[in-house]
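These notes concern the structure reproduced below.
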Amino acid sequence: MAAVKAARDHRDRQADIEAERRMLSLPDKVAKRLLAGAKHFRSPDAELIAQDMAWRASKELCRAHTDVCGAIDPELLSALDVAALRWAGVDPSDHSTWIVHRGDCPD
């Protein structure tokens, strides 16, 4: 009986380790899919990671502005930032699509 319990505990620990390994590698997979132009993710976890990447990219978009909110220097955005923004429906060159604004928007 103790051997069966030990074997079950071992399998449970191995399953937990494997699940953690998959979760740790998921951001890299999401980034690769975004860069490849993915529109949807099957996994809710991947969707949340993509949303987080888009949120961070939105903040970088605001930081990439010039003197006025809405005018940006596109060289200050990474390819992943642009891909995450595109996935979220944000066009860096169209200020009306931005999720986050600097606060001194002309509109």
Side-chain angles (χ1 to χ4, degrees):
M1 192 59 139
V4 172
K5 182 180 179 334
R8 186 174 342 132
D9 289 346
H10 176 72
R11 279 194 312 272
D12 290 346
R13 277 193 308 276
Q14 290 302 108
D16 289 345
I17 290 169
E18 180 60 24
E20 184 176 358
R21 186 194 63 74
R22 280 193 306 273
M23 286 303 294
L24 289 172
S25 67
L26 193 54
D28 290 335
K29 291 178 182 177
V30 169
K32 287 178 185 175
R33 294 224 28 235
L34 286 172
L35 289 168
K39 300 290 182 201
H40 304 284
F41 293 93
R42 291 181 221 161
S43 158
D45 292 327
E47 188 85 12
L48 285 173
I49 290 170
Q51 288 174 359
D52 184 57
M53 289 177 174
W55 177 251
R56 281 187 270 138
S58 292
K59 292 190 292 185
E60 288 303 315
L61 181 60
C62 285
R63 291 183 188 112
H65 64 75
T66 55
D67 292 338
V68 180
C69 186
I72 65 160
D73 180 357
E75 292 181 7
L76 297 176
L77 295 173
S78 72
L80 181 56
D81 288 339
V82 172
L85 290 168
R86 190 177 328 116
W87 174 83
V90 175
D91 178 359
S93 62
D94 183 358
H95 185 252
S96 68
T97 65
W98 291 19
I99 298 168
V100 177
H101 296 271
R102 193 171 82 172
D104 61 348
C105 299
D107 314 342

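Only heavy atoms go into these numbers, but all of them, side chains included; no hydrogens, no water, no symmetry mates. Small disclaimer: the values here were computed from a predicted structure and weren't measured.
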* Asked: Can you name the closest pair of heavy atoms from Ala84 and Ala54 and give their distance?
  -> O-CB, 3.7 Å

* **From Gln51, Met53, Lys59, residue fulfilling side-chain contact (heavy atoms from CB on, under 4.5 Å) relative to Trp55** => Lys59

* Are Leu35 and Phe41 connected, step by step, through hydrophobic side chains (Ile, Leu, Val, Met, Phe, Trp, Tyr) whose heavy atoms are closer than 4.5 Å? -> yes

* Structure fact -> Minimal heavy-atom distance between Ala46 and Leu26, with the atoms involved, is N-CD2, 3.7 Å

* Asked: So, for Leu85 and Pro92, which heavy atoms are closest and what is the spacing to 0.1 Å?
  -> CD1-CG, 4.0 Å

* **Smallest separation among heavy atoms of Ala38 and Trp87, with atom names** => O-CD1, 3.4 Å

* Gap between atom CG of Leu61 and atom CG of Leu77 - 0.5 Å precision -> 5.5 Å

* Return the minimal non-hydrogen interatomic distance between Ala83 and Leu34, and the atom names on each side. => CB-O, 3.4 Å

* Structure fact -> d(Ile49 CD1, Ser43 OG) to nearest 0.5 Å is 7.5 Å

* Short side-chain donor-acceptor distance under 3.5 Å, Thr97 and Asp94 -> no

* Structure fact -> Residues Arg33 and His40: closest non-hydrogen pair is NH2-O, 3.2 Å

* State whether Asp52 and Arg56 are salt-bridged, where the test is any N-O pair (Lys NZ or Arg NE/NH1/NH2 against Asp/Glu carboxylate O) under 4.0 Å. => yes

